[in-house]
Number of protein chains: 2
Amino acid sequence: MSQTVDRALSILPLLAEGPADLGQVAERLDVHKSTALRLLRTLHEHGLVYRQSDQRYRLGARLIALAQEAMENLDIREIAHPHLVRLNEQCGHTVHLAVYEENEVLYIDKVESRYPVRMYSRIGKPVAITVAGVAKLLLADLPEAERRVLADKLDYPMYTARSTPNAPAFLRELEKVREQGWATDLGGHEESINCVAAPIRGADGRVVAAMSVSAPNVVVTADELLTLLPLVRRTADAISGEYSGRTPVPSSKDPHD
Amino acid sequence: MSQTVDRALSILPLLAEGPADLGQVAERLDVHKSTALRLLRTLHEHGLVYRQSDQRYRLGARLIALAQEAMENLDIREIAHPHLVRLNEQCGHTVHLAVYEENEVLYIDKVESRYPVRMYSRIGKPVAITVAGVAKLLLADLPEAERRVLADKLDYPMYTARSTPNAPAFLRELEKVREQGWATDLGGHEESINCVAAPIRGADGRVVAAMSVSAPNVVVTADELLTLLPLVRRTADAISGEYSGRTPVPSSKDPHD
DNA sequence: ATGAAGGTTGCAGAGATTGCAACACTCCAG
DNA sequence: CTGGAGTGTTGCAATCTCTGCAACCTTCAT
């Protein structure tokens, strides 16, 4: 909508791939070097871009700090965190919290497993959207039309033999998840890792976030993990209740109105 | 340098404070509503801004994902991580890695203490720059002129009675740190928490990052923590060596040139 | 020294951006 | 049901900003 800003912002994902010098940026944006320079300067002034000693540009520290603040402002995260910790204390496995936003599902919180074998994941990292239990729950709650459109746009990488292979299969899975009110991922992302997931709902019943417990086969079998389902659902419901204001929150700072 | 981009980027920190509606954004930017709308739209298209259900805007998920990539591309982080983990296995305490950039010091990696008592800190969070051991090391390495200017600009919050009180004291401390080649923070940020820190240097000898081990009094006394200094320094040196290419890296993917 | 490669600046023309005003929409009160 | 306030949205013309160019500067390697 705004050409200049559009160009400037296009620089960010470009630099996310790795540092680049002025010429490379200009070329990829298809603009004159001087134009690229001025855009980079503006980004630099705002701290979103940093110029390293070899004069190449990369993403700057303020970006990281901004993202940090963005996450802390997601109040679902604040409310959920203590519940996640408690769940982790009870079962010992890795607990994740994720939200959906504009065609992406992101982990926004994580409590690490107490077992030595941990799975790889990181807060802020986009989730494997076609297989993760939390992703299924979040997408299953979208209006049907939107769900169909999105399912068509997605790629269906076969991480393992049990990955969701294509859009129709995915839509069927979402329908199932929608009805049963919980989801699993049994080795669909990594052969040896399973997870059980449950939805967190706002006051209007819409799914605002999803949480999951994950563990590798070597620690517990899929069946054993499934026995945790009631606990996971209870935790999710507790968070839902607090989030939608049904439970008097133990102690919280006053909102500014 | 570029008015349009400048305005657009100014929206980000504004939204970092909390969600805002179109009118509020326009007012704070001192532009017409329609202008603010178009800037917000552009930010939205790039996913940096999200429109929540009540039509207010807040920072978007792509921002978080971008920051994630930014951090993963800091190769010092990649190189250092296994060393930090090993150090944590040896001593059991919380290990931090931090870098300096444009008047800020940021934690870019962290390995949690294995003890139940943990300190609060988060990757991406700006460090308490006047007291943290890692901050002292990073600032101590700046050219003297720059150090003086920066020291003057800083605030000196008295987190505790042992916090650095003012610029002259800070500069003296930096001088000391510079000479001894390591730093501590003994209760300067939180009364009961101490830390020992060591610098990581590039091939040219400049300090590119700093790492620290932190632990609360209730777990180990300050004196006990200090006995870890040689270990911390050895770890930092190992990272320095690998970072500046003196050590043949065990295995690494090919750079694209 | 010399040349090449990349970064930086002033300038005039082109074109994008701006603010305005009118319009759409939602919500609430009468 | 109707009217009105509060917001968000769009078309348009004037203008001010941004763009690309070309010349200049700096750094580095030969």
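Below, read A as the first sequence line, B as the second, and so on, with proteins coming before strands; counting in each chain starts at 1.
Atom CG in L29(A) sits roughly 14 Å away from atom C1' in dC18(D) (whole-Å rounding). Rounded to whole Å, atom P of dA5(C) lies 20 Å from atom CG of L37(A). Rounded to whole Å, the distance from CD on E27(B) to C1' on dT7(D) is 14 Å. Rounded to whole Å, atom C1' of dC12(D) lies 13 Å from atom NE2 of H32(B). Atom pair Q24(B):CD and dG8(D):C1' shows a separation of 14 Å (rounding to whole Å applied). What separates CG of D21(B) from P of dT26(C) is a distance of 17 Å, to the nearest Å. To the nearest angstrom, P of dT7(D) lies 14 Å from CZ of R51(B). Separating the CG atom of D6(A) from the P atom of dT19(D) is a distance of 11 Å, rounded to the nearest angstrom.
Contact between the side-chain N/O atoms of R7(B) and the OP1/OP2 oxygens of dT17(D) is not found at any separation under 4.0 Å. Phosphate proximity of dG19(C) to T35(B): present, with a side-chain N or O under 4.0 Å from OP1 or OP2. Listed pair S2(B) / dC18(D) meets the phosphate criterion, a side-chain N or O lying under 4.0 Å from OP1 or OP2.
Residues L39(A) and R41(B) both approach DNA chain D. Their nearest nucleotides, taken by heavy-atom distance, put R41(B) toward the 5′ side. Nucleotides of DNA chain C nearest to K33(B) and Q55(A) differ in position, and the one nearer the 5' end is that of Q55(A). If L22(A) and Q3(A) are placed on DNA chain C by their nearest nucleotide, the residue sitting closer to the 5' end is L22(A).
Under 3.5 Å, the side chain of R38(A) and the base of dG20(D) form at least one donor-acceptor pair of N or O atoms. Taking only distance into account, the side chain of T4(B) never meets the base of dC18(D) through a donor-acceptor pair shorter than 3.5 Å.
Between E101(A) and R58(B), at least one side-chain nitrogen of the basic residue sits less than 4.0 Å from a carboxylate oxygen of the acidic one, meeting the salt-bridge criterion. At a threshold of 4.0 Å, the pair E69(A)-R62(A) does not count as salt-bridged, since none of the basic side-chain nitrogens sits closer than that to a carboxylate oxygen. Using a 4.0 Å cut-off between a side-chain N of Lys or Arg and a carboxylate O of Asp or Glu, R41(B) and E45(B) do not qualify as a salt bridge. For E175(A) and R147(A), the salt-bridge test passes: some basic side-chain N is under 4.0 Å from an acidic carboxylate O.
The backbone N or O of V5(A) sits nowhere less than 3.5 Å from a side-chain atom of T4(B) that would complete a donor-acceptor pair.
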